[in-house]
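Indexing begins at 1, ligand by ligand and atom by atom, following the structure's order.
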Amino acid sequence: MITEIDPSSKNWVRQWIVVSPTSGHEYKVSQKVDASFACSCPAWKFKKAPKPPCKHIAYVQANVGVDTRDVAVILAEAGIKMPPVRTATAITQHREQAEANQRRAAAAAWDAARDAATAAIQRPAPPSTQPVFLLQTQRKIMLAD
Ligand SMILES: [Zn+2]
């Protein structure tokens, strides 16, 4: 049996009490803002991540109309605004990363230009590979009278 209840804290968007028909135990299945599910049963609690849904979560998912659309769409439709902190942080981090990359690129370009200039200054003039021929001829020509 599934009974939807009001969420017990702001961490949850929906909560259900699931009563096991065999044991009569009650477990609380919860859905978080990120649309993931959790259960209060020991089988789910003590599983290591990534956790497959326990039978209570699976039961809720199979029997309750669970919205599988993107969480942002669901929240926007419900008029819920997420705190902009995360987005602002992401934008700031991205900008800082881009600026750091630019600084690195500029520094690398400067180093390359300086190295090229240093090499050009220190390089001796290349020796001439053209042989020089000096040709001198002297010829006496006897003219007939
Ligand atoms: Zn469970």
ask   = Got a sec, which residues hit side chain to side chain donor-acceptor pair (under 3.5 Å) with S9, two or more places apart in sequence or on another chain?
value = none
Pairing residues for N11 by the side chain to side chain donor-acceptor pair (under 3.5 Å) criterion, not counting sequence neighbours = none
query = Atom NE2 of H56 and atom CD1 of I2: how far apart are they, to the nearest 0.5 Å?
reply = 11.0 Å
Partner set under salt bridge (charged side-chain N to carboxylate O under 4.0 Å, His left out) for E4, not counting sequence neighbours =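 Salt bridge (charged side-chain N to carboxylate O under 4.0 Å, His left out) check on E4 returns R14.
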key: K47 side chain reached by C54 side chain, heavy atoms, under 4.5 Å   = no
query = With a 4.5 Å limit on heavy-atom distance, are the side chains of K28 and W16 in contact?
reply = no
ask   = Tell me, which protein N/O/S atoms are under 2.8 Å away from the Zn ion (ligand 1)?
value = C39 SG, C41 SG, C54 SG, H56 ND1
